Structures are given as C-alpha cells and as structure tokens.
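Working notes for the structure below.
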Amino acid sequence: MPDQLINLCIDARSVSVPSGVTVAAAIAMSGSGVTRLSVGGAARAPLCGMGICQECRVTINGRAHQLSCQTLCADGMHVVTASEVAA
Ligand code: FES
C-alpha cells in the first residue's frame, strides 16, 4: 500500500511528501535545505536532527522558531524559511 501524500507549502512552493516526514526533510526534498540565517547572515541548515542544535528553526503556520526536525508535516501546513533571503 503506497504512503499517503501530504501537501504543504514551503516558501510559496507546493510540496508533496509521504506521511511521517519531518518538515526538515521536506525542506531538504524541496531543494533548498536552508532553514534560517545566522546573526551574521550565513545560511544555516539542520545539523543534529534531534532537537538540540536549533539550526532548523523555521516559521510554521505563522509561529516563528519552530524546530523543523521535530515537527511532522501536516496537510495544508505553511512553512517559511530564510532560503529566499539567502539566495
Ligand atoms: S536539526 Fe538540530 S534542532 Fe533541529
């Protein structure tokens, strides 16, 4: 039986991922991988994948500083990263 697909929006891009995928994985699958910018403006990406490093923080459904590695994708979710700023 195929995995159920979850549809979400990452930086104005529509993305479909299998159920059970974290937001950090969905961001990587969507191409960018960048989640936020450091204080000095350097692009940052998920590092530990277990809620420790805080490098994966993004805005999810309007709530800033959510850990994308600890959040499962949900249908209709809206994720904003800093990838457009870093480009
Ligand atoms: S990747 Fe380290 S806290 Fe999410």
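Numbering of ligands and ligand atoms starts at 1, following listing order. Not measured: the values here are computed from a predicted model.
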A side-chain contact here means heavy atoms from C-beta on lying under 4.5 Å apart; do Val80 and His78 qualify?
yes
Residues at least two apart in sequence or cross-chain that pass side chain to side chain contact (heavy atoms under 4.5 Å, CB included) with Ala25, listed by chain then number, are Val21, Thr22
Between Thr35 (side chain only) and Arg44 (backbone N and O only), is there a donor and an acceptor less than 3.5 Å apart?
yes
Hits for side chain to side chain contact (heavy atoms under 4.5 Å, CB included) against Gln70, two or more places apart or cross-chain, chain-then-number order -> Leu67
Listing by chain and number, which protein N, O or S atoms are under 2.8 Å from atom 4 (Fe) of ligand 1?
Cys56 SG, Cys69 SG
With sequence neighbours excluded, tell me which residues meet side chain to side chain donor-acceptor pair (under 3.5 Å) with Arg57.
none
Applying a strict under-4.5 Å side-chain criterion to I, L, V, M, F, W and Y, I'd like to know whether Val15 and Val34 cluster together.
no
